[in-house]
Amino acid sequence: MNTRVLTEQEEYLYRIRHSTAHIMAYAVQQLFDDGEKVVRLAIGPPIDNEFYYDMEVPRPITPDDFPEIEKHMKALVKANEPFLQEDWTFDQAHEWFSERNQKFKLELIDGLLNRDIDSLSEGISDDGVSVYRSGDFTDLCKGPHVEKTRECRHFKLLRVSGAYWRADQNREQLQRIYGTAWSTKGELRDYLRMLKEAEKRDHRRLGKQLDLFQTHPESAGAVFWLPKGTIIYNKLAEKARKLYQNEGYHEVRTPLIYDKSLWETSGHWEHFRDDMFTFPNELGDPASGLKPMNCPAHMLIFKSKRRSYRDLPYRLHDQGVLHRNEVTGALSGLTRVRQFCQDDAHNFVMPEQIEEEHNRIIGLIRRIYKTFDLPFRSVLSTRNPDHFMGDTTVWDEAECALESVLENNDLDFEINPADAAFYGPKLDFYVKDSLNREFQCATVQLDFQLPERFDLTYAAASGNMERPVVIHRALYGSFERFIGIIIEHYAGAFPTWLAPVQCVVMTISERFVSYAKEVRNLLEAQQIRVVLDDRDDKIGAKIREARLELVPYMFIIGEREVENRTVSVRVREEGDIGAMDLSVAVERILAEVDIDF
RNA sequence: GCCGACGUAGCUCAGUAGGUAGAGCACAUCAUUGGUAAUGAUGAGGUCACCGGUUCAAUCCCGGUCGUCGGCUCCA
């Protein structure tokens, strides 16, 4: 799935993690295999930074079991057993694993025998399977592994969860144990430190701490944006509006509820129904639904008039409220919600405009992400030969166009073969935040199908009616998720233009309140988001509070400031920078308030 | 939806081998008029998520519901 080539060091870490997964499985077997009920192993691959092993265990494992498991793991590491690879025949493997009642391994072996693609990653050669032994532990595995268990001494178990065998919810639910492993103590320490830091800046925690948003059981999966969070939300929305308007987009507002017939035309009723909130008619049958996407509405608008090639590209921007009925278990903070808005747009273009339109969109993406200091990479998903709709030549041309767009834009990209939606190839953009974590944000999807389903046409220069292509694109992604990402990216310390409170004016004693009010009014007149802290409290306490709120500027006002008509300025990143003329201080804030994408 | 863990004051968290609960912060009142991360005193705050069951007695044990968290699946 990932076509990037691993570096030598990454490859070594993968081997360590893969081997540590074996060691962990062995430890779990030692602990939980009680003769009657065996631990049945499924799969245990390395992943980025971590590894896991899926297994069926006699009783659920909890984090309380970790110390004991780790203890057993350490003993095995200390024994410094070699990892020995052996090639077994299918019969040999079958016999061995069936004696030990390892039904998942047997299923994998059968899969290998039948050349089932899902099993290929587990271990194969032409006439048999590959197994690895380390001490008393033997596992079906194609490797590669480290040479000896001692190379796996820097690990830590992290969490447990459920996982379905073969990712199929109709199959057995297994226990998955996640851990991390590294080649040196320092790497492990750094990684654990990073996890701790990530926890500290978790947007759910900061959202509460900074009074940005909240959720309530009365509307699970929907966000209550508090005054401070709403400022950020509106700011992002306003910036997007302005940016797109300048790029020739037309903003529209469209209904939330539509008759079922629309969803049938768009295909959502068939493909997306489970994720939709629907409303019944008098008979109790679903008859309408809340929109999970804006596209059908925009199709109606396009179709409502006779369009000419001169109108294209025709771009409709919509920040409408979307609802998707996610299963309860999937909901999480701002990243996975049932109600959200996107900076959504649908661009209707002629096929020959695909490349240029993508160039423009990528230009926008660049400008937006640069503003937030978010580096990004892109992934191009191409046609799945078994599952696509439309004409192969159109697809080929479109894919070529997208690839050359990426190249011409000097973008770091990968190709994800056969991963496109059936209606068209797509580009996904992943940003990397300040902790080096990746999140999917922007998505740009070509769509050959909706224009077909809605029978959209435009009058071409020739006078013939031709079919436009639709580009779905959302560059923040959803406002909710994007705000979640930047909360963590900035660790809550928003740049001045986004900060809900940009400046706190604070008095050293009540005697200076009237000048402080003057200062506050002046800032307000400049549209600076200012709060006056004139409480009967010590200045240290006021500063402490404003710091905890991560306010970028504090103006401190005491006797000296009143006398000289100045303010003492304290900057979030620099601390106390001393007294200055009020006008100078205001200028400094204003310089940071007006940013353009 | 599924597996597991969790749900105690606005927040962060203690606690009870079953006898209706406690701290710090926040909040209120009073005193204090203070110069760059916490002035002091006093006070108010809880049907221990909700609904049932067991028990003389349930925040604690059992069952269910809702929600949250870690994942699976999916995706903005």
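Within every chain, numbering begins at 1; the chains are lettered A, B, ... in the order of the sequence lines, protein sequences first and strands thereafter. Values below: all heavy atoms of this structure, side chains included; hydrogens, waters and symmetry mates excluded.
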| field | A:D537/A:K542 salt bridge by N-O under 4.0 Å criterion | value | no

| Salt bridge A:D275-A:R273, side-chain N to carboxylate O under 4.0 Å | no

Atom pairs and distances, donor-acceptor, side-chain atoms in residues 213-223 of chain A, under 3.5 Å, two or more places apart:
{"from": "A:Q214", "atom 1": "OE1", "to": "A:H216", "atom 2": "NE2", "distance (Å)": "2.9"}

| said: I want to check a possible cation-pi pair here: A:R383 against A:Y423, using under 6.0 Å from ring centre and within 45° of the ring axis as the test. | reply: no

| Would A:E480 and A:R336 pass as an ion pair if we require N to O under 4.0 Å? | no

| task | With sequence neighbours excluded, tell me which residues meet salt bridge (charged side-chain N to carboxylate O under 4.0 Å, His left out) with A:R366. | result | none

| Any residue of residues 209-225 of chain A with a heavy atom less than 4.0 Å from an atom of RNA chain B | A:P217, A:A220

| Would you call A:E50 and A:R17 a salt bridge, taking side-chain N to carboxylate O under 4.0 Å as the test? | no

N/O contacts under 3.5 Å, protein versus nucleotides 11-14 of chain B?
{"from": "B:rU12", "atom 1": "OP1", "to": "A:K208", "atom 2": "NZ", "distance (Å)": "3.4"}

| field | For A:V571, side-chain contact (heavy atoms from CB on, under 4.5 Å) partners two or more places apart | value | A:Y553, A:V569, A:E573, A:E574, A:I577, A:R588

| query | Charged N to carboxylate O under 4.0 angstrom, A:E107 versus A:K103? | reply | no

| field | Residues A:R535, A:E545: salt bridge by 4.0 Å N-O rule | value | yes

| A:Y52: partners by ring pair (Phe, Tyr, Trp, His ring centres under 6.0 Å), with sequence neighbours left out | A:Y178

| query | Rounding to the closest angstrom, what is the interatomic distance between B:rG53 and B:rC60 at atom C1'? | reply | 15 Å

| query | salt bridge (Lys or Arg N to Asp or Glu O under 4.0 Å): which pairs involve residues 58-67 of chain A, sequence neighbours left out? | reply | A:R59-A:D65

| field | Whole-Å C1' distance, B:rU36 and B:rA41 | value | 26 Å

In a table with atom names and distances, give each donor-acceptor pair under 3.5 Å that connects a side chain of residues 318-325 of chain A to protein atoms at least two apart or in another chain.
{"from": "A:D318", "atom 1": "OD1", "to": "A:G320", "atom 2": "N", "distance (Å)": "2.8"}
{"from": "A:D318", "atom 1": "OD2", "to": "A:T254", "atom 2": "OG1", "distance (Å)": "2.6"}
{"from": "A:D318", "atom 1": "OD2", "to": "A:H298", "atom 2": "NE2", "distance (Å)": "2.8"}
{"from": "A:Q319", "atom 1": "OE1", "to": "A:R241", "atom 2": "NH2", "distance (Å)": "3.3"}
{"from": "A:Q319", "atom 1": "NE2", "to": "A:A237", "atom 2": "O", "distance (Å)": "3.3"}
{"from": "A:Q319", "atom 1": "NE2", "to": "A:H317", "atom 2": "NE2", "distance (Å)": "3.2"}
{"from": "A:H323", "atom 1": "NE2", "to": "A:Q339", "atom 2": "NE2", "distance (Å)": "3.2"}
{"from": "A:R324", "atom 1": "NE", "to": "A:P292", "atom 2": "O", "distance (Å)": "2.9"}
{"from": "A:R324", "atom 1": "NH2", "to": "A:P292", "atom 2": "O", "distance (Å)": "3.0"}
{"from": "A:N325", "atom 1": "OD1", "to": "A:R338", "atom 2": "NE", "distance (Å)": "3.4"}

| said: Suppose you measure atom C1' in B:rC74 against the same atom in B:rU59; what distance do you get, rounded to whole Å? | reply: 38 Å

| field | nucleotides 34-49 of chain B: protein proximity per nucleotide (B base, S sugar-phosphate only, - neither; heavy atom, under 4.0 Å) | value | BBBBBB----------

| said: Distance check, C1' atoms only: B:rG46 and B:rG15, in whole angstrom units. | reply: 14 Å

| message | Check this for me, if you would: do A:R315 and A:E357 make a salt bridge, where the nitrogen-to-carboxylate-oxygen distance has to be below 4.0 angstrom? | response | yes

| request: Dot-bracket for RNA chain B, please, read 5' to 3', with Watson-Crick or G-U wobble pairs under 3.5 Å on both distances, ( ) within the strand, [ ] crossing, | other strand, . unpaired. | output: (((((((..((((.....[..)))).(((((.......))))).....(((((..]....))))))))))))....

| note | Counting primed atoms, P, OP1 and OP2 as sugar-phosphate and everything else as base, the B/S/- map of nucleotides 70-76 of chain B against protein heavy atoms under 4.0 Å is BBBSBBB

| task | Using the test salt bridge (charged side-chain N to carboxylate O under 4.0 Å, His left out), find all partners of A:R367 that sit at least two apart in sequence or belong to another chain. | result | A:E247

